[in-house]
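Inspection log for the structure reproduced underneath, given as structure tokens.
Fair warning: this is a prediction, and the values are worked out from it, not measured in the lab.
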Amino acid sequence: MHRYRTHTCGALRAEDAGKEARISGWVHRKRDHGNLLFVDLRDQYGITQCVADTSSAVFKVLEAARPETVICVTGKVVPRSAETVNDKLPTGRIEVVAAAVEVLSEAAVLPMQVAGEQEYSEEMRLTYRFLDLRREKMQANILLRSKVIASIRQRMWNAGFVEFQTPILTASSPEGARDFLVPSRLHPGKFYALPQAPQQFKQLLMTSGFDRYFQIAPCFRDEDSRADRSPGEFYQLDFEMAFATQDDVFDAITPVLAGIFQEFGNGRPVTTAPFPRITYADAMLKYGSDKPDLRNPLLVSDVTEAFRGSSFGLFAKNIDKGGIVRAIPAPKSADNPRSFFDKLNDWARENGAGGLGYIQYKDGEARGPIAKNLDATRVAQIKAATGANDGDSVFFVCDQPDVAAKFSGLVRTKLCDELNLLDRNKFMFCWIVDFPMFERNKDTGLIEFSHNPFSMPQGGMDALLNQDPLTIKAYQYDIVCNGVELSSGAIRNHRPDIMYKAFEIAGYKNEDVEARFGGMLNAFKYGAPPHGGSAPGIDRIVMLLADEPNIREVILFPMTGRAEDLLMQAPNSVSEKQLRELYIKLNLPKEAGSKAEVKTN
RNA sequence: GGGGGUGUAGUUCAGUUGGUUAGAACGUCGCCCUGUCACGGCGAAGGUCGCGGGUUCGAGUCCCGUCGCUCCCGCCA
């Protein structure tokens with residue numbers, strides 16, 4: 001008989017009755033009847049009921065074992081009588097009569113319970129993550145994550161991609177997010193950086209003659225956290241393709257994502273390939289966001305012209321100053337009491353808007369403070385533009401174009417919530433395409449890259465030379481699912497001449513470009529294939545599939561919002577010796593002095 | 001860096017207009033119980049109400065400051 005087990009805790013069935021079995025696991029729950037004792041023994045695979053009564057030599061050992069004690073139970077598998085069968089457990093038709101029990105590891109009194117549905121604070125859960133991870137939900141999430149990654153690898157491999165590992169210690173990149181730095185011992189005063197993404201490496205791989213690369217790649221960014229953004233590190237399905245157009249990239253990755261969501265989505269409907277494509281400009285107009293949730297049926301429309309020069313002075317004046325008006329429909333809401341509209345107006349003010357105007361289309365006429373100031377033609381114009389019917393109302397956002405577009409997106413989401421219009425039970429994908437290559441910095445007035453400086457401008461060199469930079473689009477695209485940005489990608493700029501020119505428009509001299517991106521630029525001078533790719537976020541994919549609102553629910557050992565690992569106590573101070581080896585002298589802010597004090601050993 | 005929420009027993013929470021000894025559930029410990037599966041019953045221990053200051057005869061409750069956790073904005077090419 002095996003030292004620890006002949007079966008897992010999820011394995012035994014009615015047909016095993018009569019066998020001698022040995023199982024090991026954690027004491028999940030105990031039901032102590034005084035002279036009869038049940039122990040639910042748990043491992044990754046399931047739960048098996050063990051039983052003993054006072055006639056057993058091991059009764060006292062089991063009785064003394066606290067929950068989460070690790071024990072090994074040996075005994076006979078017996079069928080349960082019809083009244084005592086538990087249909088909730090796959091092992092519920094049998095139980096193990098404990099003949100021998102070995103305590104493999106005692107458990108102290110628990111700071112948080114593993115059994116049960118009790119909710120615990122994040123702080124508690126992260127401090128005792130090893131207990132938290134034993135719980136049913138976390139076991140399921142983490143196992144799902146593993147299966148998703150295995151399936152992704154298989155699907156990528158089947159599509160002709162090969163997996164490589166790129167360096168973790170690399171150079172700081174001057175663009176983008178804040179880097180995590182690692183001091184160099186051999187080169188005093190110099191630093192490695194952890195990669196924000198394997199971006200330059202994968203482009204170098206294409207230049208090195210590899211045709212289709214992917215990697216489940218760790219990425220490191222020293223930026224603040226959000227519910228869907230873990231601080232510090234995260235994983236991407238990083239991939240890149242040589243001799244590929246934007247369509248090729250879409251065709252390669254769409255079936256992988258659709259397949260994953262079909263495989264692990266528990267039957268929830270998934271957008272079928274090809275995913276709809278929405279231009280950036282269209283997304284900002286119709287959804288007020290570059291990551292629209294297509295489950296939300298509401299569409300924003302522009303009604304600036306209906307208000308231009310109207311006697312609704314507030315909007316008319318704003319329009320004369322360059323403002324625009326966006327309309328968001330609220331189906332079947334016209335009969336709501338005044339408080340419904342007031343509440344939304346208050347919400348808008350709390351969120352930084354001047355207010356939230358509205359028209360109610362009711363009993364064949366338009367009502368509300370705005371409608372009183374508009375003539376019939378304008379009211380009808382708005383009704384037509386928004387597709388509103390009698391019984392609907394329409395809300396208005398009036399501001400400068402950027403602000404109005406963005407806020408209309410918030411209103412769209414808010415109204416969807418209020419009217420309960422979201423079908424949560426499906427996965428709706430889309431591509432956002434044609435991102436602008438450049439934008440004007442509002443503070444400095446200067447032109448800068450709006451997203452990725454390495455993207456190929458649409459129209460290539462000709463566009464850079466002859467087009468207003470602010471009208472140039474890039475071959476840059478995002479995949480969005482249910483309002484979550486899963487990835488961004490691009491057809492890259494593999495031509496040094498075009499790259500110099502693009503950087504010149506953004507205000508960089510050739511020397512600057514060479515100093516900052518010399519490695520990759522140099523590689524491109526010796527024959528680089530046109531190439532492109534993307535990098536869907538693994539954590540976010542699993543988060544959507546697990547239906548979790550927070551990314552930490554699908555990460556084994558996440559850090560807190562302030563980027564601390566409560567379990568490992570990272571970050572932590574280091575010894576003087578370590579600092580000396582790295583030629584580092586600390587220059588700490590005064591108030592942090594006590595917290596960041598250096599260990600003296 | 002800014003804004004919102006929150007902090008009371010080991011844990012999850014309740015705690016009224018400021019008023020006597022700060023409660024419940026789960027857990028822990030003890031006793032009883034031979035068919036439970038969220039077992040049941042009886043009992044006990046367990047609290048500097050995050051921390052510091054203030055107002056008051058009196059503060060878990062009101063005020064100021066501060067710290068932690070969390071959500072959002074900024075940030076995330």
Tell me whether the OP1 or OP2 atom of [N] has a side-chain N or O from [X] closer than 4.0 Å.
X: Asn550(A); N: U70(B); answer: no
X: Lys88(A); N: A38(B); answer: yes
X: Lys30(A); N: G40(B); answer: no
X: Arg31(A); N: C39(B); answer: yes
X: Asn86(A); N: C37(B); answer: no

According to the Watson-Crick and G-U wobble definitions, with both distances under 3.5 Å, which nucleotide is paired to [N]?
N: G58(B); result: none
N: C69(B); result: G5(B)
N: A24(B); result: U12(B)
N: A45(B); result: none

Residue Phe38(A), side-chain heavy atoms: nucleotide from U11(B), G35(B), G68(B) that is nearest: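 Of the options given, the side chain of Phe38(A) lies nearest G35(B).
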Looking at the side chain of Arg229(A), which of C69(B), C76(B), U36(B) is the nearest nucleotide?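 The answer is C76(B).
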What's [X] touching, base or sugar-phosphate or nothing? Going by heavy atoms closer than 4.0 Å.
X: Ser81(A); answer: nothing
X: Glu95(A); answer: base
X: Gln49(A); answer: base
X: Ser121(A); answer: sugar-phosphate
X: Ser450(A); answer: sugar-phosphate
X: Gln199(A); answer: base
X: Gly116(A); answer: nothing

Which residue, Met124(A), Met138(A), Lys137(A), forms the side chain to side chain contact (heavy atoms under 4.5 Å, CB included) with Asp132(A)?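 With Asp132(A) as partner, Met124(A), Met138(A), Lys137(A) yield a single side chain to side chain contact (heavy atoms under 4.5 Å, CB included), made by Met138(A).
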Could you tell me how far [M] sits from [N] if I compare only their [atom1] atoms? Round to whole Å.
N: U55(B); M: A45(B); atom1: C1'; result: 37 Å
N: U48(B); M: A9(B); atom1: P; result: 8 Å
N: A24(B); M: A14(B); atom1: C1'; result: 7 Å
N: G52(B); M: C37(B); atom1: P; result: 47 Å
N: C62(B); M: G18(B); atom1: P; result: 8 Å
N: G54(B); M: G60(B); atom1: P; result: 15 Å
N: U61(B); M: U16(B); atom1: C1'; result: 10 Å
N: C26(B); M: U70(B); atom1: C1'; result: 24 Å

Is it true that Tyr477(A) and Phe250(A) have ring centroids separated by less than 6.0 Å?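 So the answer is yes for these two rings.
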is_close_aromatic(Tyr128(A), Tyr120(A)), centroid dist under 6.0 Å: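 No - the distance between ring centres of Tyr128(A) and Tyr120(A) does not fall below the 6.0 Å cut-off.
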Identify, between Arg178(A) and Arg552(A), the residue whose nearest nucleotide on RNA chain B lies closer to the 5' end.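 The residue mapped nearer the 5' terminus is Arg552(A).
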Using side-chain heavy atoms (C-beta onward) and a distance below 4.5 Å, is Asp87(A) in contact with Arg93(A)?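 Sidechains of Arg93(A) and Asp87(A): in contact.
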Looking at side-chain heavy atoms only, is the closest gap between Arg221(A) and Arg178(A) below 4.5 Å?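 No. Closest side-chain heavy atoms not under 4.5 Å.
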Side-chain H-bond candidate by donor/acceptor type, [X] with [Y], under 3.5 Å:
X: Tyr508(A); Y: Glu514(A); answer: no
X: Gln196(A); Y: Asp179(A); answer: yes
X: Gln236(A); Y: Arg540(A); answer: no

With hydrogens left out and only the distance checked, is there a donor-acceptor pair under 3.5 Å joining [X]'s side chain and the base of [N]?
X: Arg80(A); N: U36(B); value: yes
X: Glu123(A); N: U70(B); value: no
X: Arg29(A); N: C37(B); value: no

Identify all pairs in which a protein N or O lies below 3.5 Å from an N or O of nucleotides 23-32 of chain B, and state each distance.
residue, atom, partner, partner atom, Å
C26(B), O2', Gln113(A), OE1, 3.3
C26(B), O2', Gln113(A), NE2, 2.6
G27(B), O4', Gln113(A), OE1, 3.3
C29(B), OP1, Arg66(A), NH1, 3.0

Stepwise ring-ring contact (aromatic ring centres under 6.0 Å, His included) test for Phe239(A) and Tyr213(A): CA-CA 5 Å; Phe239(A) 73 95; Tyr213(A) 140 91; 8.7 Å; no
Can His33(A) be classed as stacking with the base of C39(B), given a centroid separation cut-off of 5.5 Å and a plane angle cut-off of 30°?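 Stacking is present between C39(B) and His33(A), given that their ring centres fall under 5.5 Å apart and the planes under 30°.
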Reading nucleotides 43-48 of chain B 5' to 3', which nucleotides get B (base under 4.0 Å from a protein heavy atom), which S (sugar-phosphate only), which -? ------
